*Asks:* 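Have a look at this one.
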Amino acid sequence: MSLQILNTLTRTQQEIIPRGGLGHTLSLYTCGPTVYSYAHIGNFRAYVFEDLLQRHLQTRGFIVRRVMNITDVDDKTIRGAVAAGISLAEFTQPFKEAFFADAQTLRLLRAESYPEATDPVQIARMMSMITTLMERGHAYQAEDGSVYFRIASFPNYGKLARVDLEGQRPGQRVASDEYEKEAVADFALWKSWVPEDGGVGWESPWGKGRPGWHIECSAMATGLLGETIDIHCGGVDNIFPHHEAEIAQCECAGHGVAPFVRYWMHCAHLMVEGSKMAKSQGNFYTLRDLLAQGWTGREVRYALISVHYRASLNFTREGLGAARTALARLDAWFLRLTEAAAESATSDPPDQSIEGFFTALDDDLNISGALAVLFETVRESNRMMDQGMLTPAQARGLLEWYGRVNGVLALEPDQSADQLPVEVQQLLDDRAAARSAKEWKKSDELRDQLAALGWLLKDTKDGQRISKS
RNA sequence: GGCGGGGUAGCCAAGUGGUAAGGCCGGGCUCUGCAAAAGCCCCAUGCGACGGUUCGAUUCCGUCCCCCGCCUCCA
């Protein structure tokens, strides 16, 4: 089966074929963060989905060129900078750094580039696009100095979201401060400077101002990936108006031959404990919040990745707990398999059926089906090891398979490079000695001492295993 | 109102016109000096409601109910 995804544009499932044909580079544009604050767990749901997509594409042999933008100028960033009395760059810098740190914690693959909206190169490209749109009659400057996209000039507007502008005539929704626009739905390409913008602004042919949000993505996407992009991802809330606007801008400013994007993919939102995540409800989490609660990046990753991207995800404490338990099971299985394979230099290929992990993902990233294959394989091979029926070569074959599986899931245990504290190591050594002398009472006392220090001890047939409790 | 996504066991969640994957929780057992851990087994005559088509529907059709999102630069 070929790799297929549900294309928002056509609302049908389609095989992914790069623009240049199979074997050619596949361009992937993923909407990135607006760095006015720490990204929240809902943002990361989208990024984890995109990571799964990229990893699976690569596993299937696609050569992926991915770009993710950083929006570092908009209403919120300006408001934050002005409120803090610092420059826009000073304000956004820590949030940019936090974003990359969080992305690493969640094991997200790096994109090829992370263009920033305030980059002079990008600003210049935005102005160039706006100029073209003006020249072609797709944009106009209003009385307030702002430049707007003239939606009436683009009959295809609404094709992605399938909205009918006829049904949204100006009326109850006209904001009082938008009187200068020709039509309500016209959106800003260039926002003219206002006092609230403080020191933020760029000189342009239309006066001092700043770019509109939609034009940022349009300019960065086409500038780095070309006028036609293969796949463009984002959250469902971006379908309208953001992505609709991007289509309008790109297809009107470009050479007009090809579509801006060939495959649109959108992930659903997540909820927290059954409710919409909102600051007012007190269920608004950043990754940092979760780490502070004792969860690890890979546990959060598992919780986010294990629900199909188009289904709304109910993010709960129970779900995180389930992630922790399931990961522990995978870890234990991997360790056991590694030991079973130790004496084998060769590997026997596993049953072909476990390739079902990948064919499930081929079907619009059916992660549930894929995980089912993984856990069935875990149970079946555990059963064989219980019975002493799994040969070392078979174990090695399974390990190699799991290596490919993990290339997509990225759920391996964290590297615990840290040395054990000296006193802990001493207690462990003492206990090992006591155990070999069968001094159970002393052994138990030492275990209690370790527990008091915050260490959890487990006796396995290969000796003591310790972890932080 | 318009557009879109959903309602499957306590929770999360696949899937098929032919009698319900997987994960977590729970129960049982095995192993172990004990404990913990780990492993195996069990766990929905039922798939929002009501009609219809069919030999047979959770899966197809119709009607209805409920949840979530977008239509206000929020993933």
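What you see is a predicted model; the values in this text were computed from it and never measured.
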*Asks:* With sequence neighbours excluded, what pairs up with A:Tyr302 under the ring pair (Phe, Tyr, Trp, His ring centres under 6.0 Å) test?
*Replies:*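 So A:Tyr302 forms no ring pair (Phe, Tyr, Trp, His ring centres under 6.0 Å) with any residue.
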*Asks:* What distance, rounded to whole Å, do you find between the two C1' atoms, one in B:rG69 and one in B:rU53?
*Replies:*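 Per the computed distance, 34 Å lies between those C1' atoms.
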*Asks:* So which one's nearest nucleotide on RNA chain B is more toward 5', A:Arg379 or A:Ala372?
*Replies:*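 On the 5' side of the pair lies A:Ala372.
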*Asks:* Are any of the side-chain nitrogens in A:Asp444 or A:Lys441 under 4.0 Å away from the carboxylate oxygens of its partner?
*Replies:*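 A salt bridge is absent here (no side-chain N lies under 4.0 Å from a carboxylate O).
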*Asks:* Counting only side-chain heavy atoms from C-beta out, which of B:rC74, B:rG15, B:rC25 sits nearest to A:Thr325?
*Replies:*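 Among B:rC74, B:rG15, B:rC25, the one nearest the side chain of A:Thr325 is B:rC25.
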*Asks:* If you check every side-chain atom of A:Arg383, which of B:rC68, B:rG23, B:rC40 has the closest atom?
*Replies:*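 Of B:rC68, B:rG23, B:rC40, B:rC40 is nearest to the side chain of A:Arg383.
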*Asks:* Closest to the A:Met271 side chain: B:rG33, B:rC68, B:rC70?
*Replies:*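 Per side-chain heavy atoms of A:Met271, the pick is B:rC68.
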*Asks:* So, OP1 or OP2 of B:rC34: does either fall under 4.0 Å of a side-chain N or O from A:Lys441?
*Replies:*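 Checking A:Lys441 against B:rC34: no side-chain N or O falls below 4.0 Å of OP1 or OP2.
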*Asks:* Given the P atoms of B:rU59 and B:rG17, what is the spacing between them in whole Å?
*Replies:*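 11 Å, rounded to whole Å.
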*Asks:* Polar atoms only, N or O, under 3.5 Å: list the protein pairs with nucleotides 4-12 of chain B and their distances.
*Replies:*
residue : atom : partner  : partner atom : Å
B:rG5   : O2'  : A:Arg310 : O            : 3.3

*Asks:* When you check the gap from the basic side-chain N to the acidic O, do A:Arg125 and A:Asp119 get nearer than 4.0 Å?
*Replies:*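 No, A:Arg125 and A:Asp119 are not salt-bridged.
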*Asks:* I need the CH2-P distance between A:Trp333 and B:rG23, as an integer number of Å.
*Replies:*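 Checked: the CH2 to P distance equals 13 Å.
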*Asks:* Taking the P atom in each of B:rA14 and B:rU8, what is the distance between them to the nearest angstrom?
*Replies:*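 Pairwise P distance, B:rA14 against B:rU8, rounds to 10 Å.
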*Asks:* At 4.0 Å (heavy atoms only), tell me whether A:Lys438 reaches a base, stays on the sugar-phosphate, or touches nothing.
*Replies:*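 Nothing: the residue A:Lys438, judged by heavy atoms under 4.0 Å, touches no strand.
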*Asks:* Under 4.0 Å from OP1 or OP2 of B:rG15: is there any side-chain N or O of A:Asn366 that close?
*Replies:*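 A:Asn366 to B:rG15 OP1/OP2: side-chain N or O found under 4.0 Å.
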*Asks:* Quantified in whole Å, what is the C1' atom distance between nucleotide B:rG28 and nucleotide B:rC64?
*Replies:*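 The same atom, C1', in both gives a distance of 44 Å.
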*Asks:* Go ahead and name the base partner of B:rG62; Watson-Crick or wobble counts if both distances stay under 3.5 Å, otherwise write none.
*Replies:*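 Partner of B:rG62: B:rC50.
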*Asks:* Less than 4.0 angstrom from a charged side-chain N to a carboxylate O is my criterion; do A:Arg107 and A:Glu412 meet it?
*Replies:*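 Yes, A:Arg107 and A:Glu412 are salt-bridged.
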*Asks:* Side chain of A:Arg329, base of B:rA38: donor and acceptor closer than 3.5 Å?
*Replies:*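 Answer no: no donor N or O sits under 3.5 Å from an acceptor.
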*Asks:* What nucleotide among B:rC74, B:rC24, B:rA14 has an atom nearest to a side-chain atom of A:Asn43?
*Replies:*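 The nucleotide sitting nearest to the side chain is B:rC74.
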*Asks:* Just checking A:His266: base, sugar-phosphate only, or nothing, at a heavy-atom cut-off of under 4.0 Å?
*Replies:*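 No contact.
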*Asks:* Tell me whether A:Glu380 is salt-bridged to A:Arg383, with the criterion being a basic N under 4.0 Å from an acidic carboxylate O.
*Replies:*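 Looking at A:Glu380 and A:Arg383, the cut-off is met.
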*Asks:* With a centroid cutoff of 5.5 Å and a plane-angle limit of 30°, would you call A:His269 stacked on B:rA75?
*Replies:*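 Stacked: ring centres under 5.5 Å, planes under 30°.
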*Asks:* Centroid distance below 5.5 Å plus an interplanar angle below 30 degrees: do A:Phe375 and B:rG22 meet both conditions?
*Replies:*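 Whether judged by distance or by angle, A:Phe375 falls short somewhere, so it does not stack on the base of B:rG22.
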*Asks:* Determine: side-chain N/O of A:Arg336 to OP1/OP2 of B:rG39, distance under 4.0 Å, yes or no.
*Replies:*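 A:Arg336 to B:rG39 OP1/OP2: no side-chain N or O under 4.0 Å.
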*Asks:* Is a donor on one side and an acceptor on the other found under 3.5 Å between the side chain of A:Ser192 and the backbone of A:Asp144?
*Replies:*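 The answer is yes, because a donor-acceptor pair under 3.5 Å joins these two groups.
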*Asks:* Go ahead and name the base partner of B:rC40; Watson-Crick or wobble counts if both distances stay under 3.5 Å, otherwise write none.
*Replies:*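 In the structure as shown, B:rC40 has B:rG28 as its Watson-Crick or wobble partner.
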*Asks:* One thing to verify: whether A:Glu273 and A:Arg317 come together as a salt bridge, which I'm taking to mean a side-chain N less than 4.0 angstrom from a carboxylate O.
*Replies:*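 No, A:Arg317 and A:Glu273 are not salt-bridged.
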*Asks:* Taking atom P of B:rA37 as reference, at what distance in whole Å does atom CG of A:Asn382 sit?
*Replies:*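 In whole Å, B:rA37 P lies 16 Å from A:Asn382 CG.
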*Asks:* Measure from CD on A:Glu299 to P on B:rC24 and round the result to the nearest Å.
*Replies:*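 So the CD-P distance, A:Glu299 to B:rC24, works out to 14 Å.
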*Asks:* Using whole Å, report how far OH of A:Tyr29 lies from C1' of B:rA75.
*Replies:*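 In whole Å, B:rA75 C1' lies 14 Å from A:Tyr29 OH.
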*Asks:* Measure from the side chain of A:Ala322, starting at C-beta and using heavy atoms only, and say which of B:rG22, B:rG69, B:rC24 lies closest.
*Replies:*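 The closest nucleotide is B:rC24.
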*Asks:* Given the P atoms of B:rA21 and B:rC42, what is the spacing between them in whole Å?
*Replies:*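 Looking at atom P only, B:rA21 and B:rC42 are 12 Å apart.
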*Asks:* Measuring from the side chain of A:Asp444 (C-beta onward, heavy atoms only), which nucleotide among B:rG23, B:rG33, B:rA75 has the closest atom?
*Replies:*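 Closest of the options to the side chain of A:Asp444: B:rG33.
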*Asks:* If the C1' atom of B:rG15 is compared with that of B:rG2, how far apart are they to the nearest Å?
*Replies:*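 B:rG15 and B:rG2 have their C1' atoms separated by 32 Å.
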*Asks:* Would you call A:Arg431 and A:Glu445 a salt bridge, taking side-chain N to carboxylate O under 4.0 Å as the test?
*Replies:*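 Looking at A:Glu445 together with A:Arg431, the answer is no, because their closest N to O distance does not fall below 4.0 Å.
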*Asks:* Between B:rA13 and B:rG23, how far apart are the C1' atoms? Round to whole Å, please.
*Replies:*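 The answer is 8 Å between these two C1' atoms.
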*Asks:* Side chain of A:Asp74, backbone of A:Thr77: donor and acceptor closer than 3.5 Å?
*Replies:*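 Side chain of A:Asp74 to backbone of A:Thr77: a pair is present.
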*Asks:* Any carboxylate oxygen within less than 4.0 angstrom of a Lys/Arg side-chain nitrogen, looking at A:Arg210 and A:Glu216?
*Replies:*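 Not counted as a salt bridge, because no side-chain N and carboxylate O are separated by less than 4.0 Å.
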*Asks:* Distance check needed: B:rC34 P versus A:Asp448 CG, whole Å only.
*Replies:*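 A:Asp448 atom CG is separated from B:rC34 atom P by 16 Å.
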*Asks:* A:Leu446 has an atom CG; how far is it from atom P of B:rG33, in whole Å?
*Replies:*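 Checked: the CG to P distance equals 18 Å.
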*Asks:* Do side-chain atoms of A:Lys181 reach the backbone of A:Asp186 as a donor and acceptor pair under 3.5 angstrom?
*Replies:*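 At least one qualifying donor-acceptor pair exists.
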*Asks:* Measuring from the side chain of A:Trp213 (C-beta onward, heavy atoms only), which nucleotide among B:rA75, B:rG22, B:rC24 has the closest atom?
*Replies:*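 Of the options given, the side chain of A:Trp213 lies nearest B:rA75.
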*Asks:* Can you tell whether the side chains of A:Asp197 and A:Lys208 come within less than 4.0 Å, N to carboxylate O?
*Replies:*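 Answer for the salt bridge query: no.
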*Asks:* Write down the distance between CG (A:Asp386) and C1' (B:rG39), rounded to a whole number of angstrom.
*Replies:*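 It is 5 Å, rounded to the nearest whole Å.
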*Asks:* What does A:Gly234 touch in the nucleic acid at a heavy-atom separation under 4.0 angstrom: a base, only the sugar-phosphate, or nothing?
*Replies:*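 Here A:Gly234 touches the backbone only, sparing every base.
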*Asks:* Starting the side chain at C-beta, find the nucleotide from B:rA75, B:rG69, B:rG39 nearest to A:Lys276.
*Replies:*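 Within the option list, the nearest is B:rG69.
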*Asks:* Roughly how many Å apart are B:rC61 and B:rU54, using the C1' atom of each and rounding to a whole number?
*Replies:*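 One C1' to the other, the span is 12 Å.
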*Asks:* Which one is paired to B:rC3, where only Watson-Crick or G-U wobble pairs with both distances under 3.5 angstrom count?
*Replies:*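 Its partner is B:rG69.
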*Asks:* To the side chain of A:Ser443, which of B:rG33, B:rG23, B:rG22 is closest?
*Replies:*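 Of the options given, the side chain of A:Ser443 lies nearest B:rG33.
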*Asks:* Judged by atom type as modelled, is there a donor-acceptor pair below 3.5 Å linking the side chain of A:Ser306 to the main-chain atoms of A:Ala323?
*Replies:*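 Judged by distance alone, no pair lies under 3.5 Å.
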*Asks:* If I take atom CZ in residue A:Phe240 and atom P in nucleotide B:rG2, what distance separates them, rounded to the nearest angstrom?
*Replies:*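 Rounded to whole Å, this separation is 16 Å.
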*Asks:* Give the nucleotide from the list B:rA38, B:rC40, B:rA75 with an atom nearest to the side chain of A:Ala332.
*Replies:*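 The nucleotide sitting nearest to the side chain is B:rA38.
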*Asks:* For nucleotides 26-32 of chain B, give me every protein contact, N/O to N/O, under 3.5 Å, one pair per line with atom names.
*Replies:*
none

